[in-house]
> 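One structure is given below, represented as structure tokens, and several questions about it will come after.
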Amino acid sequence: MKYFAPLAPFIGGWLLLMNTTSFSQMALINGALQMLLFALVVCIPAWKTGRMSYVDIGWPWGLTVIGIVTWLYSDGEPVRVAMVSIAYIFAGSRMGLGAIKLLTSGHLNTELPRYEFQKRRWHKQGKTNTALAMQVEAILQGFANAAFLAFPAFIIAANTSPQISPFEIVAIILWLAAFAMESLADMQKLSFLKAAKASGAKDNVCNVGLWRYSRHPNYFAEWMVWNALLIAAIPAWLALFGQEKLITNLLLGLGLLFVSRVMYTTLVTYTGAVPAEYYSVQKRPAYRQYQQETNIFFPGRVKPKANNESNNTVNATD
């Protein structure tokens, strides 16, 4: 049971969508396509190779699927439907093409460090059947795309109002700012790595630009992109009170909040910051001081080493 328990909330989220008046058709189509995608792109390759890294291909292309299904089957105001669909298609295709590049260049021929870290976690939890754990993990990712990660797209696209809500204006500004921050962080990291390679320096810690104020500004920005979608969904969710049962709509609202929680947990502890830092501490001696001086996720001021001694221990041993 310990292998399958993590699936429960995601299956529940998908069943919730399936039992709504507004989203049942889209939920069925999206769910079927996600399961097919993950079976072909993740489950079968993981079973044959013993590697989980194929999730990095399936998950983003699953976002693209959400965007396409939303565009084709939503009945909301056309411009709004197009905007949220394009946001999903753009984000998914951008990451998906990057994953395919990793595949064709041979970088997925060995397990990515974050998935090696996940296997260590499984063993600590007593999950010694790694092959089964990998399959459950792949299915979980598929159900995440079938359920909660589709909530913002489906709900926003259900809004038939031609009026733009103040929530949507705030959301658009936040989405653009977060995307710009994520892109800037990626460019700063790439520029730093190129300069380090050109100078012959090895194992340097990137603490320039946005990386001076957060150890993972790209992850923080990605989280804020999702939070922007949740804000944009507020007026559409309120409008659903006249279309869905009260309990159903309240559960949809909780599902939206759960999206933020899921993405935060993923980006910080699951496959994001903590796994990355586990290996960074081992490879880069200066990374310990960087941990002591710089917030792990939320941007903030550079702190004196003594103020954050415990942070180093937590992230080095989690």
Side-chain angles (χ1 to χ4, degrees), residues 6-35 37-38 59-77 80-92 140-160 165 167-168 170-172 174-175 178 222-267:
L7 292 173
F10 299 94
I11 294 175
W14 181 63
L15 292 176
L16 174 62
L17 286 175
M18 288 282 290
N19 284 278
T20 60
T21 302
S22 306
F23 310 119
S24 58
Q25 181 188 23
M26 288 194 297
L28 177 61
I29 294 170
N30 180 53
L33 291 175
Q34 297 293 345
M35 293 304 106
L37 172 67
F38 273 78
W59 182 76
W61 287 111
L63 295 184
T64 301
V65 169
I66 294 172
I68 294 171
V69 170
T70 300
W71 204 336
L72 293 177
Y73 294 98
S74 292
D75 296 324
E77 198 277 322
R80 184 178 285 110
V81 171
M83 288 183 66
V84 70
S85 299
I86 289 171
Y88 270 76
I89 293 170
F90 173 74
L140 185 151
Q141 296 287 342
F143 271 115
N145 281 2
F148 297 109
L149 298 187
F151 272 40
F154 289 0
I155 292 174
I156 291 170
N159 192 348
T160 59
S165 165
F167 285 107
E168 292 175 305
V170 170
I172 291 171
L174 180 59
W175 191 96
E222 175 67 16
W223 182 60
M224 292 307 298
V225 165
W226 284 95
N227 286 330
L229 291 172
L230 302 187
I231 293 172
I234 292 174
W237 173 69
L238 293 174
L240 287 175
F241 275 100
Q243 304 173 36
E244 301 289 343
K245 295 178 181 178
L246 177 61
I247 185 62
T248 300
N249 215 39
L250 291 176
L251 289 173
L252 288 173
L254 290 175
L256 285 172
L257 293 176
F258 191 60
V259 174
S260 182
R261 175 62 181 174
V262 165
M263 292 308 300
Y264 176 84
T265 302
T266 299
L267 292 167

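Note that the numbering runs from 1 along the sequence shown for the chain.
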> Using only atom types and a distance under 3.5 Å, with no angle test, would you say the side chain of N19 pairs donor to acceptor with the backbone of L15?
yes
> Judged by atom type as modelled, is there a donor-acceptor pair below 3.5 Å linking the side chain of W175 to the main-chain atoms of L229?
no
> So how far is it from W61 CH2 to L63 CG, rounded to the nearest 0.5 Å?
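The CH2 atom of W61 sits 10.5 Å away from the CG atom of L63.
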> Determine whether V84 and Y88 make a side-chain contact, defined as any pair of heavy atoms from C-beta on separated by less than 4.5 Å.
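Yes, close enough: below the 4.5 Å cut-off.
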> Scan residues 148-159 for pairs that pass side-chain hydrogen bond (donor to acceptor under 3.5 Å, both in side chains), counting only residues two or more places apart or in two chains.
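As it turns out, there is no side-chain hydrogen bond (donor to acceptor under 3.5 Å, both in side chains) pair with a partner in residues 148-159 once direct neighbours are skipped.
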> Using the rule side-chain contact (heavy atoms from CB on, under 4.5 Å), only one of L33, L140, N145 pairs with F38; which is it?
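Among L33, L140, N145, the one meeting side-chain contact (heavy atoms from CB on, under 4.5 Å) with F38 is N145.
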> Supply the atom-to-atom distance M35 CE to N30 CG, rounded to the nearest 0.5 angstrom.
8.5 Å
> Show the nearest heavy-atom pair for residues G31 and A146, with the distance to one decimal.
CA-CB, 3.8 Å
> Just list the side-chain donor-acceptor pairs under 3.5 Å for residues 250-265, sequence neighbours left out, or say none.
unit_1	atom_1	unit_2	atom_2	d
S260	OG	W223	NE1	3.4
S260	OG	N227	OD1	2.8
T265	OG1	R261	O	3.0

> Does some side-chain heavy atom of L240 sit less than 4.5 Å from a side-chain heavy atom of F23?
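The answer is yes, as the side chains (C-beta and beyond) meet within the 4.5 Å cut-off.
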> Out of curiosity, I29 CD1 to Q34 CD, how far, rounded to the nearest 0.5 Å?
12.5 Å
> With rounding to the nearest 0.5 Å, note down the distance linking CE in M18 to CE in M26.
12.5 Å
> Between A171 and A228, which heavy-atom pair has the shortest distance, and what is it?
CB-O, 3.2 Å
> Walk me through whether W226 and L230 qualify under side chain to side chain contact (heavy atoms under 4.5 Å, CB included).
CA-CA 6 Å; W226 284 95; L230 302 187; 5.6 Å; no
> Does E222 have any salt bridge (charged side-chain N to carboxylate O under 4.0 Å, His left out) partners at least two apart in sequence or in another chain, and if so, which?
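If we apply the salt bridge (charged side-chain N to carboxylate O under 4.0 Å, His left out) test to E222, skipping adjacent residues, there are no hits.
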> Out of curiosity, F167 CZ to L238 CG, how far, rounded to the nearest 0.5 Å?
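It comes to 7.0 Å.
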> For residues 149-158, please give each side-chain donor-acceptor pair under 3.5 Å, one per line with the distance, not counting sequence neighbours.
none

> Who are the ring-ring contact (aromatic ring centres under 6.0 Å, His included) partners of W237, not counting sequence neighbours?
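For W237 the ring-ring contact (aromatic ring centres under 6.0 Å, His included) partners, ignoring immediate neighbours, are F241.
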> Throw together a table of side-chain donor-acceptor distances under 3.5 angstrom for residues 65-74, partners on residues two or more places apart or in other chains.
unit_1	atom_1	unit_2	atom_2	d
T70	OG1	I66	O	2.7
S74	OG	T70	O	2.7

> Does either side chain, that of S22 or that of E244, offer a donor lying less than 3.5 Å from an acceptor on the other one?
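Short answer, yes.
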> For residues M224 and A178, report the shortest heavy-atom separation together with the two atoms involved.
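Scanning both residues, the minimum pair turns out to be CB-CB, 3.8 Å.
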